[in-house]
Every structure is written in C-alpha cells, then in structure tokens.
Amino acid sequence: MPHPDEPALIAYVADYPSATALAVYGSSDPAAAGAALRAAAEKICEIRHPDEPDAALPNWCEVVDEDGVPVLHLDMKDEVRYAGLVVRIVLDRLAGSGVDGRLEPRREPEPAVPYDADADRYSGMRPLTALDGRGLPPGFPDGFPVPPDATLVLAQQCPDGCADHAVWRRSGEPFTGYLARLRGYGCAFGPVPRLLTAGQAPDIVRYTLWRDGAGGQVTLYRSAPGTPPYWYASVVWQPRAEPPATVVEPDEAPDDRPLPTGPGAARELAEFLVPPQLVAGYETVVALATAARAVEQLLRAGGGAGRRAGPAVAASRLAPLFGRLSPEQVDMLRHVCLALVANVLAHGGHARPAGLTLLRDDRGHLYAADFREQARGAVDERLVATLETGVALTRGVPMMTGALAGIRTAPVRPAADRYAWLFAGLDSAELVAARDACWGLFGA
C-alpha cells in the first residue's frame, strides 16, 4: 500500500539524489527502525548503475544514528530516475518489519543564526541552535577577537564536540587587519596545502592557527561571482591542537601559489589531512586515483563520451602505460587496489559488484578470478595482468575515494581509527610499493 506522503518523498529524493537523508521519526523501537533502514540500504546497493553494470548505483549508502533517530544517507550520483524505486524499497522494508513511526526527510534543527550557504564550507558539522553569552559558539576561548563591523552568519559544531566553527560576513570591503588581530591575540600561523585552496573560493586566504595548546584554522574569502559581493571570515577552533610544524607570517593577499603535482603534493596533502598512522595509506589512495584517471582516459580515447574500448583494444592501449613498470609492480598495484576494495565491501555501504570473486595467487596477492578467466579468453595472455590492473583501478578507486571523501572538507583531522579499517591487512611496505608504482607510471 502506498505511503500517504510517498509522492513527496520521491520528489525530495529526486531533488537531492546525491545528498538524500531519510529519517524515521516517532518510532517506539528506533533500533528496529534502524535495522529496517539498513536492510533497505543493502537492497539499494544491489541496484546496478545504468552506465556501469558491474558497479552499484550509489556512491555511498549508509544508516547513521543521529541523537536516537535512524537516518539513511544516500548518494546516487544524480540518477534521479531511481528516486521512486529507492523510496519504495525503504517503505517496503519498514512495512515488512512492522516498524511504527513516520519516514520523512531529515529535519534540520533551527539554527542560532540565519543560514548562509556561502559560509558552509566544512562537512560533517551540525548547526548550533544556541550561542553562549558572548554570542559565540561555546568552544571559542575567552577574549577571542571577533571581526569588527561583521555579522555572524554560521555557527556550527562537530557532532562529538571536538571543534566549533564560526563565520562572519560583511559587505563592501575584505577583512583587512583581522589576521593581525589574531596574531595580537597570541595565535601562531601555519601553512595550508595549495591543493586545499585552489578553486575553493575567490580571493581565498587560509592558515592554521595555534595558541596555548588550542587552535584550528582561519579562512578569508569572497563570495562567488554572480552572488551579492560579500566577504567572509571563517574560524574553526578546537580545545586541543598541535602547533604548526612550520610557523609562517600571515599574508592577506590571495593564495596564488603554483598548483603542485606528483608525490610531493600528495605527501603534503596527506600529512596535513590525516594523522601519521594514515599518511602512507592516504598517499596511496591519491596515487591510485591519479593512475585511475590516466587509465580511464586511455580506455575512452576515440570512443566518444561515455564509451569504452573493448577488452583487446583496451589492453593494447594500456600496455605502453603499464609497460613502464615491472611485472612485480603491476602485480602489487592490482593486489593493493583489490585489498582496498575488499575492505570497502566488508565495511558496508557498497554491494559486491557482479562476478567479483577475489582469490589469492601463490604470492598471496589478490586477483579477480572471474575477470581473469574472461580476460584470458579475450586478450593476449601477456596483457592479462595489464587489463586486470587497469580495470581494478577504474572500478575500485571510486569506492575507496568515496569512503575518504569527507576528509578534504572535514574541519579537523580525523582520529586514526575512523579510517584504519580501509587499510586493514595491508602493511606499510605494500602501500608504499603500490604508491610508488602509480607514480612510476608518470615518471615521478
């Protein structure tokens, strides 16, 4: 039987296909409601992508408990045509489990200040519904310098309370002199990788902050072209922070440093974004993603938008690229990529692609048995490993980058155990070997 609000739910999912959040409110058994939503998520992950039949439709689909309310989060790559099917799956699983309550889009709490989308630059934060007696998020220290002649337009906090975020806005002129005020307050400044400022906002300036064991980040920027001409000052503050490895003098000029590439850029990014235990793993994912883009370009070369070459042609196109590596490097590259894929599948949120049976060879390295058998009947035996590795990269990298997507836009560095599962079963030597093999494809 249709849900009374089913058309409205479908319209909501169609409006937000890459950021769907459906919650069950008023249930007498939130745990059962969460179990029903997880069953729905598993079913949704079984839907095949229309353009990639071996891949699941959603980039990500998971259920999160948010203050006692189970919420299904879904990113299905703007495939709005599946909105009705998604809603029906969820409603059927809820009805089949006998769960009471009401399925609705997740309710956003009333924020303490009017919302400004241009101010909302970090992921994973929730709006504060109240400010302290100073009119600030409660985590900001006493005497913190508030920008003059500005309006607070965003106040947020990390769900675990580890950091607060405030954004001020004003029109007419930039926040000239504000960095000097922060320095006068006792803040030391550290650099932010250029890869995290390039293309993020016009006239962006961004630094880390540290003062007496606490700190965070400050970002100055201008509103996007085509919107009202506003200037913004964004500050993230956490009660415990590490001092910057390199202290710099702040400069209010926009960050126009050259955009770095290659291993050095990946290392700088990893060391900034993740704790030391995850640096090698994050570097490896960045390198794998770089290699996957190169492979994808070769597979689509001359085939028109959205079209890939057949197995024999694909293998011949990839042969010069992977010919820059030794057979052992190609083998390790495939193994690490598939090990990461296996960890994503084990962690949940993705359905296992059809025909993905992972086995280990005599070296203990993973390979896709079904694909290897198919490839041996379609391409020259000498190019089987090349084709296997290319397909592992193009099919596997979106899974692992999806699992790590929130790191670049997180307000603070995550705890190591939050992402350690992705690299389970891989030692640092294997990760480094795969990383170096990827860069070896480009002579780096």
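In this text, all values refer to a predicted model and were calculated from it rather than measured experimentally.
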Over all heavy atoms of both residues, which pair between [X] and [Y] is shortest? Give the atoms and the distance, please.
X	Y	result
M332	A434	CG-N, 4.2 Å
T208	P191	CG2-O, 4.1 Å
A403	W421	CB-CH2, 3.7 Å
V80	P17	CG1-CG, 3.8 Å
Y122	S234	CE1-OG, 4.0 Å
P105	Y25	O-CE1, 3.9 Å

| Y230 six-ring face occupied by R222 cation (under 6.0 Å, within 45°) | no

| Ring-face cation contact, F140 with R134, 6.0 Å cut, 45° max |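 Not flagged: R134 not positioned over aromatic ring of F140.
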
More than 12 foreign heavy atoms under 6.0 Å from [atom1] of [X]: is that the case here?
X	atom1	answer
D427	CG	yes
R257	CZ	yes
D67	CG	no
Y16	OH	no

| For D100 and S27, what are the C-alpha separation, side-chain angles and deciding distance, and is it a side chain to side chain donor-acceptor pair (under 3.5 Å)? | CA-CA 5 Å; D100 59 353; S27 175; 3.2 Å; yes

Is there a donor in the side chain of [X] and an acceptor in the side chain of [Y], or the other way round, less than 3.5 Å apart?
X	Y	answer
D120	Y115	yes
T409	S123	yes
Y232	D116	yes
H73	E66	yes

Taking the side chain from [X] and the backbone from [Y], do they hold a donor-acceptor pair closer than 3.5 Å?
X	Y	result
R170	P174	yes
D29	A32	yes
R435	E283	no
R194	D255	yes
E252	G177	yes
R334	A392	no
R121	Q200	yes
W210	A241	yes
T284	L431	yes
D203	Y221	no

| Do R126 and Q156 pass the side chain to side chain donor-acceptor pair (under 3.5 Å) test, and can you show the C-alpha distance, the side-chain angles, and the key distance before you say yes or no? | CA-CA 5 Å; R126 61 187 181 189; Q156 298 175 311; over 6 Å; no

Within the 4.5 Å heavy-atom criterion, are [X] and [Y] side-chain neighbours or not?
X	Y	result
Y82	P50	yes
P411	M125	yes
V236	D164	no
L278	L422	no
P58	C45	yes
V90	L94	yes
P137	Q157	no
T219	V192	no

What distance separates [X] [atom1] from [Y] [atom2], expressed to the nearest 0.5 Å?
X	Y	atom1	atom2	result
L318	L298	CG	CG	6.0 Å
H165	L154	NE2	CG	6.0 Å
T20	L72	OG1	CG	8.5 Å
I89	E46	CD1	CD	8.5 Å
T394	Q297	OG1	CD	12.5 Å
L220	I204	CG	CD1	9.0 Å

| task | Give me the ring orientation class for F144 and Y185: parallel if the planes are under 30° apart, tilted from 30 to 60°, perpendicular past 60°. | result | perpendicular

Pair [X] + [Y], salt bridge at N-O below 4.0 Å:
X	Y	value
E249	R183	yes
E296	R300	yes
E242	R413	no

| task | Before giving the answer on salt bridge (charged side-chain N to carboxylate O under 4.0 Å, His left out), spell out for E6 and R88 the whole-Å C-alpha distance, their side-chain angles and the decisive distance to 0.1 Å. | result | CA-CA 8 Å; E6 186 169 349; R88 178 45 37 200; 2.5 Å; yes

| task | Applying side-chain contact (heavy atoms from CB on, under 4.5 Å), run through L9 and L22 and close with a yes or a no. | result | CA-CA 9 Å; L9 291 171; L22 291 170; 4.1 Å; yes

| field | Verdict with supporting geometry, D251 and Y207, side-chain contact (heavy atoms from CB on, under 4.5 Å) | value | CA-CA 9 Å; D251 186 349; Y207 293 99; 3.6 Å; yes

| said: R267 vs E271, test: salt bridge (charged side-chain N to carboxylate O under 4.0 Å, His left out). Steps then yes/no. | reply: CA-CA 6 Å; R267 168 57 63 91; E271 290 180 338; 3.6 Å; yes

| Which is it for V235 and Y178 under the side-chain contact (heavy atoms from CB on, under 4.5 Å) test, yes or no, and what are the steps along the way? | CA-CA 11 Å; V235 177; Y178 185 54; 4.0 Å; yes

| Audit row: F423, M400, side-chain contact (heavy atoms from CB on, under 4.5 Å) steps and yes/no | CA-CA 10 Å; F423 309 106; M400 60 191 79; over 6 Å; no

| message | Out of the candidates D118, V153, L152, only one should pair with V167 under the side chain to side chain contact (heavy atoms under 4.5 Å, CB included) rule; please name it. | response | V153

